[in-house]
2 protein chains.
Amino acid sequence: MARSMHVRRPATLASLAAELGVSRTTVSNAYNRPDQLSPELRRRVLETARRLGYPGPDPVARSLRTRKAGAVGLLLTENLSYAFRDPAAIGFLEGLALACEDANQGLLLVPANPEKEDVASVHRAGVDGFVVYSVPDDDPHLAAVLERPVPTVVCDQPELASVDRVGIDDEAAITQVANHLIELGHRRIGVVCMRLARDRNDGFVPPDRQRAAHFHVQRSRLAGLAAAFASAGVDWAQVPVVERFDHNTSCGASAAAQILDRDPGITALICTSDILALGALNEARRRGLRVPQDLTITGFDGIHEAERAGLTTVRQPVLEKGRAAGKLLLDAHERTRPRTVTLGTELILGSTAGPPRGAEERWFGP
Amino acid sequence: MARSMHVRRPATLASLAAELGVSRTTVSNAYNRPDQLSPELRRRVLETARRLGYPGPDPVARSLRTRKAGAVGLLLTENLSYAFRDPAAIGFLEGLALACEDANQGLLLVPANPEKEDVASVHRAGVDGFVVYSVPDDDPHLAAVLERPVPTVVCDQPELASVDRVGIDDEAAITQVANHLIELGHRRIGVVCMRLARDRNDGFVPPDRQRAAHFHVQRSRLAGLAAAFASAGVDWAQVPVVERFDHNTSCGASAAAQILDRDPGITALICTSDILALGALNEARRRGLRVPQDLTITGFDGIHEAERAGLTTVRQPVLEKGRAAGKLLLDAHERTRPRTVTLGTELILGSTAGPPRGAEERWFGP
DNA sequence: GTGAAAGCGCTAACAA
DNA sequence: TTGTTAGCGCTTTCAC
């Protein structure tokens, strides 16, 4: 690391005390308990500190002694920088930051590359607790967090019996989408979903992989869809489900393409995120398919971009999730049982879902 | 803070060593220098650690000993959560996060309420260095950072002779905007700018406040405009400049309204940020003014939303700024002189700037 | 109001 | 390969 122009010579509390001819306690008090010494002495201490270039008590040493770091650690599924690219993650972070600043706590973003097993960054994090945002149930970083003797709150996934959690009812939420499409008359659908496990599988998802998904959120959404459409007489085994490891609009577009290529008869594409749906929308446009006349597309999350695009989707309170997670973590109450906060969602009827093309012919025709 | 279900009893490296009948060094080595002891012994150590619920070396104690925190601190002008609401700040953060993850460093967001003088959070931050993002030159948090014996890099502002800095040439950049408008024929302009100092002044800005602005970036932009328009024969003292403390579209709208109410003859509104310009655009629409036929509006930053709105603006490489700041800080080279990175900007010709209304009559008429 | 003593939990020389 | 010694810089009883 570069040496700054402002590096001071290493004066310490002890050397300051020696210089002043007082005890270390007195110097410490000058900083931490102004009322414990005379204003005059305090002035002298601070004055001498300035002269010696003493920067005040070392935060790390203080943390060691007080057993408080004054910061919350955040563990994400993705590379650190991804958090600033995904609108839903940004909203979550804003909420979490809100909770942290209310409690005057720092927020430490822990670098955790999902494609690496290296958990040293978790071990090195000097924090009083962790918030874990949407990671697979077999994430080694998560395991490392849980080994740390500090409180932890998980947002979204995984669901752990002994850990505080904030989330939504994914199955119920996606069921609203499914029922809406079923009512509109859709029976031939395709599904685009996010990463189901830590291994990259960009393509069709066989049923066993759906059921074994290490991301509870995605698993629930698929399960919800399967149940709803099965009730409507759809054979789920025939429904094309395509997975994408990365999460951006290009992936949404290519996944949509993959489904439409294989099964052009599809009338609706259900995406498990707005980002993917926005990509699917692009692909539909590219193919000259009108939405929703030729193809219905739905998303999930309710990000601004989706709203602007008029996407039919489910809104979930991302900011509130972040805030709730922070509050849960920073809440002073000592609790014995793990707490769960389940937030509400709302079906947003946009302009990208409509009756299937040629519905009459298919359902009421000859 | 809530007690987690995962709090272990406090086994330490020493107690583990005692239990095993080996020295603390050996246990330490088992974690930090696997090659320094036999695989067999290491296995025993780790195995016993698990049995005792020893979570591995305490990160804070380790930091104290090694004098490395493994994290970079970030100080922002605004409340923590603001960083996730401003697209330019988000871009900067993404770049900084990129640099941090490359170096395997954590990123600690330090809570620093700009309306409070409390700098304790800076003192408590266990970090190896600071990045300071766009703060006023008299910010007490900045002063506290500079007192800390760690390297520091400032992005944008303030300009400090002895501190590494990343920024752009604000005066040159805004001059491009000014010259563009001057060429189009604008002589009666208004300016909407961001906060000029730590005190809230939502309204017109007298010349002395412009010159005394504690935010170097805003000061330079105003100075650049003043110089360019003076060259074009405009009396800068007559140009209405309105300041807003908060940074959002509502503020941009109300500032635009304030100027238009006072001086309806204005033909162009120069805003020192895209967010403010987007707000001004809203206000123009609300008043039934066509842009650019009735009113020209320009921004600064080049955020996505501006692009979508077709705003005429200056694009600055926000992500690159973040990355450069991180690189500068984490760069291993020991440097003696402070370094400065000045990044390029680009005038974006959108659709919100055009010739002034009735330009002919005014300039070539009777 | 001030000081002495006792660690917080760990790592890094160096010695064995 | 393992252990001994010596702190990192600070806060906190508890006496005075």
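We name chains A, B, ... by the order of the sequence lines, and we start the count at 1 in each one.
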Between A/Lys327 and A/Glu320, is there a side-chain N and carboxylate O pair less than 4.0 Å apart?
no
With sequence neighbours excluded, what pairs up with B/Tyr82 under the ring-ring contact (aromatic ring centres under 6.0 Å, His included) test?
none
Starting at NZ of B/Lys68 and ending at P of C/dC10, how long is that distance when rounded to a whole Å?
20 Å
Should A/Ser23 be listed as having a side-chain N or O under 4.0 Å from OP1 or OP2 of C/dG3?
yes
Starting from the 5' end of DNA chain D, give me the residue, B/Arg67 or B/Val22, whose nearest nucleotide shows up first.
B/Val22
Is there a donor-acceptor contact under 3.5 Å from the side chain of B/Thr152 to the main chain of B/Leu146?
no
Rounding to a whole Å, what distance do you find between A/Arg44:CZ and C/dG1:P?
16 Å
Worked verdict on A/Arg44 versus A/Glu47 for salt bridge (charged side-chain N to carboxylate O under 4.0 Å, His left out):
CA-CA 5 Å; A/Arg44 256 185 66 217; A/Glu47 149 78 31; over 6 Å; no
Atom CG of A/Leu64 and atom P of C/dA6 are separated, to the nearest Å, by 18 Å
Check the pair A/Arg67, A/Asp128 against salt bridge (charged side-chain N to carboxylate O under 4.0 Å, His left out), reporting the backbone distance first and the verdict last.
CA-CA 8 Å; A/Arg67 310 269 62 202; A/Asp128 300 324; over 6 Å; no
Return the polar atom pairs (N/O with N/O) between nucleotides 11-13 of chain D and the protein under 3.5 Å, or none.
unit_1 : atom_1 : unit_2  : atom_2 : d
D/dT11 : OP1    : A/Asn32 : ND2    : 2.8
D/dT11 : OP1    : A/Arg62 : NE     : 3.0
D/dT11 : OP1    : A/Arg62 : NH2    : 3.4
D/dT11 : OP2    : A/Ser28 : OG     : 2.8
D/dT11 : OP2    : A/Asn32 : ND2    : 3.4
D/dT11 : O2     : A/Arg65 : NH1    : 2.3
D/dT12 : OP2    : A/Arg33 : NH1    : 3.1
D/dT12 : O4     : A/Thr25 : OG1    : 3.0

Spacing of B/Tyr31 atom OH relative to C/dG9 atom P, expressed in whole Å:
15 Å
Could you state the CG-C1' distance from B/Leu37 to C/dA12, rounded to the nearest angstrom?
16 Å
Without decimals, in angstroms, what is the distance between B/Asp35 CG and D/dT2 C1'?
14 Å
Salt-bridged, B/Glu115 to B/Arg200, with N to O below 4.0 Å?
yes
